[in-house]
Amino acid sequence: MLSETELGDLLTGFGREAFRFELRDRYNSEVGKEPYRRWRTGEPDDHAWHRPWMERVSADVAAGKAWRRVRIVSVPVSDYTRYGIAIGRLSVQAGEDIRYLDRAGAERLGLAPYDAWLLDETRLVRLHFDGADDTFTGAEVVTDPETVTRHLKWRDLAWRCAEPLETFAASL
């Protein structure tokens with residue numbers, strides 16, 4: 001299993017595209033706990049904790065790389081999903097393309113991806129989380145060509161059917 005630091009290293013080393021499938025209705029991280037609490041209570045947030053991510057995305061996009069993700073979410077959405085939309089807007093401003101697909105729609109399409117990153121259409125990095133508290137427990141590079149190919153097909157289908165962040169947000 002790769003640590004969070006090792007995963008970060010992989011994300012700095014892609015050449016053309018980083019694509020993410022997000023499947024959970026909540027992600028629990030040390031970095032995100034306080035910002036999420038502030039959002040829930042209506043307190044201001046300067047988003048300093050998110051700036052390194054936005055700077056990375058912005059620099060990569062300026063260099064011709066693409067950052068894309070599809071969030072497969074339950075509807076009605078959770079508070080955490082609403083928070084993800086708010087923070088996602090910052091990532092979109094930095095150049096990331098984030099789309100949403102409701103979980104029922106994903107099931108009708110036959111999508112069953114891992115919560116994972118696809119890097120340059122050649123590497124699949126599966127993310128693992130603790131089922132009890134939604135914390136990241138590690139990542140593994142999946143090398144089976146059939147699994148990678150299946151995720152590429154699911155990526156293309158999900159991308160065509162998912163709604164851009166603002167379109168999805170307007171429907172809530």
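Predicted model only: the values in this text are computed from it and were never measured.
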Side chain to side chain, Thr122 and Val148, heavy atoms closer than 4.5 Å: no
So that I know where these two stand, are Phe14 and Trp67 an aromatic pair - ring centroids less than 6.0 Å apart? yes
Same cluster or not: are Val125 and Phe136 linked, directly or through other Ile, Leu, Val, Met, Phe, Trp or Tyr residues, by side-chain heavy atoms under 4.5 angstrom apart? yes
Is a side-chain N or O of Asp115 found less than 3.5 angstrom from the main chain of Leu23, in a donor-acceptor match? yes
Within-4.5 Å side-chain heavy-atom neighbours: Ile85 and Val77: no
Would Arg155 and Glu121 count as a salt bridge (charged side-chain N to carboxylate O under 4.0 Å, His left out) if you check the C-alpha gap in whole Å, the side-chain angles of each, and the deciding distance to 0.1 Å? CA-CA 10 Å; Arg155 176 205 62 191; Glu121 298 189 347; 3.0 Å; yes
With a 4.5 Å heavy-atom cut-off, do Glu17 and Leu118 have their side chains touching? no
Would Trp49 end up clustered with Leu7 when hydrophobic side chains under 4.5 Å apart are linked, directly or stepwise? yes
Would you say Glu4 has more than 12 foreign heavy atoms packed within less than 6.0 Å of its CD? no
Arg68 side-chain N/O to Arg99 backbone N/O, donor-acceptor pair under 3.5 Å: no
Do Tyr114 and His151 come within less than 4.5 Å of each other through their side chains, counting heavy atoms only? yes
Given 3.5 Å as the limit, does a donor-acceptor pair link the side chain of Arg71 with the main chain of Glu22, or not? no
Shared ILVMFWY cluster between Leu11 and Val31, side chains joined below 4.5 angstrom? yes
Is the NZ or CZ atom of Arg123 both under 6.0 Å from the centre of the six-membered ring of Trp117 and within 45° of that ring's axis? no
Roughly how far, to the nearest 0.5 Å, is the CZ atom of Phe21 from the CH2 atom of Trp154? 8.0 Å
side-chain contact (heavy atoms from CB on, under 4.5 Å) between Arg37 and Glu43, worked out: CA-CA 8 Å; Arg37 185 199 65 75; Glu43 295 176 40; 2.7 Å; yes
With a 4.0 Å cut-off, would you call Arg24 and Asp134 a salt bridge? yes
Decide side-chain contact (heavy atoms from CB on, under 4.5 Å) for Val73 and Phe168; before the verdict, give the C-alpha distance in whole Å, the side-chain angles of both, and the deciding distance to 0.1 Å. CA-CA 11 Å; Val73 298; Phe168 181 77; 3.7 Å; yes
Separation of Asp45 CG from Ile87 CD1 (nearest 0.5 Å): 6.0 Å
Sub-4.5 Å side-chain heavy-atom contact between Pro35 and His47: no
Plane angle bin for Trp39 and Tyr36 - parallel if under 30°, tilted between 30 and 60°, otherwise perpendicular: parallel
Between Thr137 (side chain) and His128 (backbone), is there a donor-acceptor pair under 3.5 Å? yes
Looking at Arg20 and Glu96, is there a salt bridge between them, counting it only when a charged N and a carboxylate O are closer than 4.0 Å? no
Is it true that a side-chain atom of Thr149 and a backbone atom of Glu146 form a donor plus acceptor pair closer than 3.5 Å? no
Closer than 3.5 angstrom, by distance alone: can the side chain of Asp120 be matched with the main-chain N or O of Arg16 as a donor-acceptor pair? yes
Please step through side-chain contact (heavy atoms from CB on, under 4.5 Å) for the pair Leu172 and Thr81, ending with a clear verdict. CA-CA 11 Å; Leu172 299 179; Thr81 296; 6.0 Å; no
Can Tyr80 be reached from Val75 by stepping across I, L, V, M, F, W or Y side chains whose heavy atoms are under 4.5 Å apart? no
Can Trp53 be reached from Leu127 by stepping across I, L, V, M, F, W or Y side chains whose heavy atoms are under 4.5 Å apart? yes
I'd like to know if the side chain of Asn28 and the backbone of Asp133 have a donor-acceptor N/O pair within less than 3.5 Å. yes
